[in-house]
Amino acid sequence: MSVVKSIASPTGAVNYWTARINQGMIKVRSVSAVTLKEQLKGGEELALVDVREEGAYAKSHLLLSVSIPFDRLEVLFAGLVPRHSTPIVLCDDNDGWTLIAGNRLKEFGYSSVSYLKGGIQSWSDAGYELFSGVNVPSKAFGEFIEHEYRTPHLSAQALKEKIEANENIVVLDSRPLHEFRKMTIPGAICCPGAELVYRLPDLVRDPQTLVVVNCAGRTRSIIGAQSLINAGINNRVTALKDGTMGWHLAGYALENGSERSAPEISTAGLEKSQEYVEKVRQRFQIKTINCQELKLLREASTERSLFLLDVRSPQEFHQGHMPGSKSAPGGQLVQATDEYVGVRNAQLVLIDDTGVRATMTASWLIQMGWREVCVLEDGLSGDSLRTGPETSRLLGADKLVAAMITVAALEGRRAKEEIEIFDVANSLVFRDGHLPGAHRISRTNISEIASRAASSDSTVVITSSDGTIAGFAAAELLSSKPHRQILVLQGGTDAWQAAGHPIEQGADPYDGESAGDVWYRPYERADAVEAAMQAYLDWEVDLVDQVARDGTVMFQKNPNATEKVT
């Protein structure tokens, strides 16, 4: 009897693995829902990974599972689960993808891989909670903080009245600049979460100014406002209830394309922010380590998972960062921890240049239940820093065997011959910009290229955002269509656009938003935006009770966190 029940439109590579699994040549052991529940409650390291597409994951998943879709496995996995002996449990819909992903991971050197027997339905059948949405632990944590600390909030209507009355007020948007540009409260200033305590002394000099912190919804508004309160600033601070979504639902216009950002920090501003953060460090008993102690942790990283997280802005990271660290801006790290760390109970070392942002971020991660968090002292001193983006940790790079075609060569050949272009980006990225005439296709359904191409003799060019995923997809297509002319666009769609060539926008008529491969945020939807916004806000509020029923996460409140310091 076949082990793998059904896999839609399998690629050549998937057929290969399916055959080996069914022949019993390679095995991945299973764990029951009951056993997994006990593992999650324990203090040992565990990587719980859901290999389904994000859209399916967002509909229903285990609370502590990390989303690493099968079609992004080689690109995402090593960054989220760096240690090859980490215990790993994979989840799916009981359709065979965990077996295929598990055996690929074994090929890549991961030695302790298992899968949830019966898929996520078995978890529900055992009486355990399944969650919808993404970044759920972080979202629930924000609601926990508001409930436990009674973080003050202001309605959109009340804020609008204060702005129109020209009251002494400043609105600080705690999201990254790229989100801020899309939509923000008119007049707001971009100051991402971990930057709030760091930059506030230069932003607000009058102690009578009311400081309002907002984000798109709730989490970063709450955490941002409470950060300032915990730091003991003199100003009155409040969160904007429901953020820009609440503002929109109240019928008020949002501003688009704004570039207002917090100023560079001054010497006096830094001194003041360090005074604030020292109080936070003492209250939360945040541990610091030096570079020699970090060296010992690095040496032991084959036995314990270690994440070096640089919590400064991406721009600062590019200008110079510690080798082996990854860019994890502090506000985003708290807002979406599962996008940066894939191993429960791992060791986290936070890095910045002054200690302010790292300490504030550590104070929140500790309350989220991360027990081994510390701040690196003087981690950015010396001459060993590297510039540019973090180095990608690809698995199976030796499988990138397809020939490349440059942007210039593709442009020239398109004018002379029939070329079919397929983009393996997700449907949202494709909608926002793709090569003219390109078709979107899922890497897991890559064999559909044969049926969707206009001609069996045409050259096929595969692209993705930067070309990396396209390389893996092309290799798999070549394994089943070895005589087909298959090329990978060097540098991907990013390189095409950087060269000044036009791009098209809009969904592929073949699937559109019905593709179900990604989760569309309310403001990314093409219709029913307001209904989706309200449903999202209601969902956030309801998370605290559901997390409590689940019982695998224990948030912690510091009883001294909001003491007024004189």
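Remember, it's a predicted structure, so these values are computed and weren't measured experimentally.
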Exercise for the section: For salt bridge (charged side-chain N to carboxylate O under 4.0 Å, His left out), just list the numbers for Glu53 and Arg443, CA-CA rounded to whole Å, side-chain angles, deciding distance to a tenth of an Å, and then say yes or no. Expected result: CA-CA 11 Å; Glu53 292 184 317; Arg443 178 183 165 197; over 6 Å; no
For [X], give me all partners under side chain to side chain donor-acceptor pair (under 3.5 Å), at least two apart in sequence or on another chain.
X: Ser465; value: none
X: Glu148; value: none
X: Glu271; value: none

With no hydrogens and no angle check, just 3.5 Å: does a side-chain donor-acceptor pair link [X] and [Y]?
X: Asp517; Y: Asn426; value: no
X: Thr463; Y: Trp496; value: no
X: Gln319; Y: Gln315; value: no
X: Thr184; Y: Glu255; value: no
X: Glu45; Y: Ser305; value: yes
X: Asn345; Y: Glu372; value: no
X: Glu316; Y: Ser313; value: yes
X: Gln556; Y: Gln367; value: no

Mind checking the [atom1]-[atom2] spacing from [X] to [Y]? Nearest 0.5 Å is all I need.
X: Arg357; Y: Asp310; atom1: CZ; atom2: CG; value: 8.5 Å
X: Ser221; Y: Gln226; atom1: OG; atom2: CD; value: 12.5 Å
X: Phe284; Y: Met360; atom1: CZ; atom2: CE; value: 7.5 Å
X: Asn235; Y: Gln208; atom1: CG; atom2: CD; value: 8.0 Å

Handout entry: Distance-minimising heavy-atom pair for Pro152 and Ile229
Key = CD-CD1, 3.8 Å
Handout entry: Residue pair Thr98 / Cys91: nearest heavy atoms and the distance that separates them
Key = CG2-C, 3.3 Å
Exercise for the section: State whether the number of non-hydrogen atoms from other residues, nucleotides or ligands found under 6.0 Å of Glu299 atom CD is greater than 12. Expected result: yes
Problem - Within 6.0 Å of NE2 in His147, more than 12 heavy atoms from elsewhere - result: no
Handout entry: Sequence-distant partners of Asp202, salt bridge (Lys or Arg N to Asp or Glu O under 4.0 Å), two or more places apart
Key = Arg205
Handout entry: Heavy-atom side-chain contact between Val136 and His61 under 4.5 Å
Key = yes
Distance-only donor-acceptor hits, side chain of residues 329-337, under 3.5 Å, sequence neighbours excluded:
from   : atom 1 : to     : atom 2 : distance (Å)
Gln332 : OE1    : Arg220 : NH1    : 2.9
Thr337 : OG1    : Ser138 : OG     : 3.4
Thr337 : OG1    : Leu333 : O      : 2.7

Practice task
Tell me, please, whether Phe317 has Arg312 positioned over its six-membered ring: NZ or CZ under 6.0 Å from the ring centre and within 45 degrees of its axis?
Solution key: no
Practice task
Run the ring-centre check on Phe77 versus Tyr110 and record whether the distance is less than 6.0 Å.
Solution key: yes
Handout entry: Results of side-chain contact (heavy atoms from CB on, under 4.5 Å) for Glu540 - residues two or more places apart only
Key = Lys139, Glu143, Arg218, Thr219, Tyr536, Leu537
Handout entry: Ion pair Lys272/Glu275, N-O distance below 4.0 Å
Key = yes
